[in-house]
Amino acid sequence: MCDICVMNAVKEKMLSRRSFFTATAASGAAAVLGSTIAAPPAMAAGHGAVEDLTHAYGPDFPTFFGAPGIEMTQEFNFDEHGFNLFNLSINEHTGTHIDAPMHFSADGASVDELPVTSLVAPLCVVDIAAKAEDDPDAQVTPEDLKAWIEANGEIPENACVAMHSGWGGKVGGDGYRNADGEGAMHFPGFHVDAANMLIEETAAQSIAVDTLSLDFGPSPDFATHYAWLPSGRFGIECLANLDKLPATGATIVVGAPKHKGGSGGPARIFAMT
């Protein structure tokens with residue numbers, strides 16, 4: 001079939017579908033007026049709200065190396081072709097994203113090999129925003145973890161332990177990378193001793209940060225990456241909206257990418273509370 005024939009066929013189908021969905025939406029709205037809409041099963045099971053933990057990102061989203069992490073090239077547009085389609089070129093570690101074990105190990109699991117059971121997890125939010133406000137190089141320490149445990153109980157099995165440093169609100173400006181005149185960045189992260197404590201004393205399967213790296217900005221050796229990821233656990237970087245979540249009680253859902261052999265990748269992540 002010729003290209004123009006394909007385009008015309010697509011347009012006809014889209015127009016007919018548009019009419020169908022317009023009519024369906026109208027009848028559906030009429031049907032639910034005056035009635036209660038049932039909650040999704042996950043909500044009915046005990047969760048009352050969903051919080052988006054994912055930043056929307058584009059070429060201007062801050063990245064660790066400074067270069068744009070995503071490029072979008074439009075191959076088809078609606079006016080000419082009847083549909084929109086973009087080709088994407090993406091750095092795996094840009095935006096809200098996953099660090100798979102193989103990111104910092106020779107033979108660790110790739111992102112498509114992460115157990116799906118580890119992608120839905122109890123969320124523990126460790127709040128260090130106050131000390132990060134005074135010191136941009138602040139880190140989550142074993143003392144912070146012990147204080148969290150004293151206040152909230154033991155860290156649950158399979159948990160995701162997330163650092164809330166207040167950095168999520170800095171995404172729109174230079175303060176997110178917070179580079180100094182010598183090129184070093186300054187933002188909070190996990191101290192390697194805290195990572196090792198979680199490995200040795202808990203069954204947590206992921207750690208997460210609202211900054212660009214699991215390690216704090218001026219780290220000379222990525223010690224936390226090298227301790228955490230080769231242990232078979234994964235990391236999450238650039239989370240949003242951790243300030244809107246309780247210290248305990250939320251469930252994180254990680255929509256990890258599944259490209260074969262990947263060292264990580266952008267993910268849609270949310271929390272149910």
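- Looking at Asp144, its side chain does come within 3.5 Å of a backbone N or O of Thr141 through a donor-acceptor pair.
- When all heavy atoms of Pro246 and Thr273 are compared, the pair lying nearest together is CD-CG2, 4.1 Å.
- When every heavy atom of Cys160 is checked against every heavy atom of Ser206, the shortest pair comes out as CB-OG, 3.1 Å.
- Between Phe187 and Pro218, every side-chain heavy-atom pair lies at or beyond the 4.5 Å cut-off.
- Judged purely by atom type and a 3.5 angstrom limit, Asp112 uses its side chain to pair as donor or acceptor with the backbone of Gly261.
- With hydrogens and angles disregarded, no donor-acceptor distance shorter than 3.5 Å links the side chain of Ser219 to the backbone of Phe216.
- Note: His225 and His103 have perpendicular aromatic rings, judged against thresholds of 30 and 60 degrees for the angle between ring planes.
- Within 6.0 Å of the CD atom in Gln74, the count of heavy atoms belonging to other residues, nucleotides or ligands exceeds 12.
- Transitive grouping of hydrophobic side chains (ILVMFWY, heavy atoms separated by less than 4.5 Å) brings Val161 and Met163 into a common cluster.
- Listed for the Glu237 side chain is a donor-acceptor partner under 3.5 Å among the backbone atoms of Leu214.
- In terms of heavy-atom proximity, Ile155 sits nearest to Cys124 at CG2-SG, 4.1 Å.
- More than 12 heavy atoms of other shown residues, nucleotides or ligands fall within 6.0 angstrom of atom CD in Glu113.
- Shown here is Phe86, whose CZ atom has more than 12 heavy atoms of other residues, nucleotides or ligands within 6.0 Å.
- Both Val126 and Ile199 are members of a single hydrophobic cluster when ILVMFWY side chains are connected at heavy-atom separations under 4.5 Å.
- Panel note: side chain Asn152, backbone Thr248; no donor-acceptor pair is recorded below 3.5 Å.
- Remark: Asp221 CG is packed, more than 12 non-hydrogen atoms of other residues, nucleotides or ligands lying under 6.0 Å away.
- In this structure a side-chain-to-backbone donor-acceptor pair under 3.5 Å is present from Asp180 to Gly183.
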Side chain to side chain contact (heavy atoms under 4.5 Å, CB included) between Ile269 and Leu239, worked out: CA-CA 8 Å; Ile269 300 176; Leu239 280 181; 4.0 Å; yes
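- Within the 4.5 Å cutoff, the side chain of Thr73 has heavy atoms near those of the Glu75 side chain.
- Side-chain atoms of Glu182 do not come within 3.5 Å of backbone N or O of Ala184 as any donor-acceptor pair.
- Taking the side chain as every heavy atom from C-beta outward, Pro59 and Ile70 approach each other to under 4.5 Å.
- In this structure, the separation between OG on Ser263 and CD1 on Ile98 is 11.5 Å, given to the nearest 0.5 Å.
- One side chain, His93 or Asp99, offers a donor N or O that lies under 3.5 Å from an acceptor on the other.
- Residues Phe222 and Val209 fall within the same hydrophobic cluster, defined by Ile, Leu, Val, Met, Phe, Trp and Tyr side chains chained together at heavy-atom separations under 4.5 Å.
- Looking only at side-chain heavy atoms (C-beta outward), Ile207 and Arg233 stay at 4.5 Å or farther from each other.
- In this structure, the separation between OG1 on Thr94 and NE2 on His55 is 11.5 Å, given to the nearest 0.5 Å.
- Taken together through direct or relayed side-chain contacts under 4.5 Å among Ile, Leu, Val, Met, Phe, Trp and Tyr, Leu114 and Ile236 form part of one hydrophobic cluster.
- Of all heavy-atom pairs spanning Ile90 and Pro266, the tightest one is CG2-CG, 3.8 Å.
- Residues Leu53 and Thr96 fail the side-chain proximity criterion, which asks for heavy atoms closer than 4.5 Å.
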Criterion side chain to side chain contact (heavy atoms under 4.5 Å, CB included) on Cys238 and Trp167, from CA distance to verdict: CA-CA 9 Å; Cys238 301; Trp167 234 248; over 6 Å; no
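- For residues 226-273, the set of pairs meeting the ring pair (Phe, Tyr, Trp, His ring centres under 6.0 Å) definition, not counting sequence neighbours, comprises Phe104-Tyr226.
- Annotation for Glu133: atom CD does not count as buried by contact number, only 12 or fewer foreign heavy atoms lying within 6.0 Å.
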Derivation of the side chain to side chain contact (heavy atoms under 4.5 Å, CB included) call for His97 and Asn91: CA-CA 10 Å; His97 67 275; Asn91 179 317; over 6 Å; no
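- Side-chain contact between Lys260 and Val111: absent, with no pair of heavy atoms (C-beta onward) separated by less than 4.5 Å.
- Panel note: side chain Arg177, backbone Phe64; a donor-acceptor pair is recorded below 3.5 Å.
- Residues Asn158 and Gln205 have side chains that never bring a donor and an acceptor to within less than 3.5 angstrom of each other.
- The distance from atom CG of Leu212 to atom CZ of Phe61, rounded to the nearest 0.5 Å, is 7.0 Å.
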Stepwise side chain to side chain contact (heavy atoms under 4.5 Å, CB included) check, Ser105 with Leu229: CA-CA 7 Å; Ser105 57; Leu229 298 179; 5.5 Å; no
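- Taking the side chain as every heavy atom from C-beta outward, Asp215 and Gln139 never approach each other to under 4.5 Å.
- In the model, Asp210 has a side-chain atom that pairs as donor or acceptor with a side-chain atom of Ser165 under 3.5 Å.
- Nearest heavy-atom pair, Pro188 versus Ile128, reported as atom, atom and distance to 0.1 Å: CB-CD1, 4.1 Å.
- Hydrophobic clustering (ILVMFWY, side-chain heavy atoms < 4.5 Å, transitive): Leu245 and Trp148 are in distinct clusters.
- Residues Met272 and Glu51 are not in side-chain contact: their nearest non-hydrogen atoms beyond the backbone lie 4.5 Å or more apart.
- Distance check: Ile252 CD1 to Leu123 CG gives 5.0 Å after rounding to the nearest 0.5 Å.
- Under the 3.5 Å distance criterion, with hydrogens and angles disregarded, a donor-acceptor pair is assigned to the side chains of Glu80 and Asn77.
- Between Gly264 and Glu92, the shortest heavy-atom contact is O-OE2, 3.4 Å.
- His191 and Thr224 form no side-chain donor-acceptor contact under 3.5 Å, judged by distance and modelled atom types alone.
- With values rounded to the nearest 0.5 angstrom, Asn241 atom CG is found 10.5 Å from His164 atom NE2.
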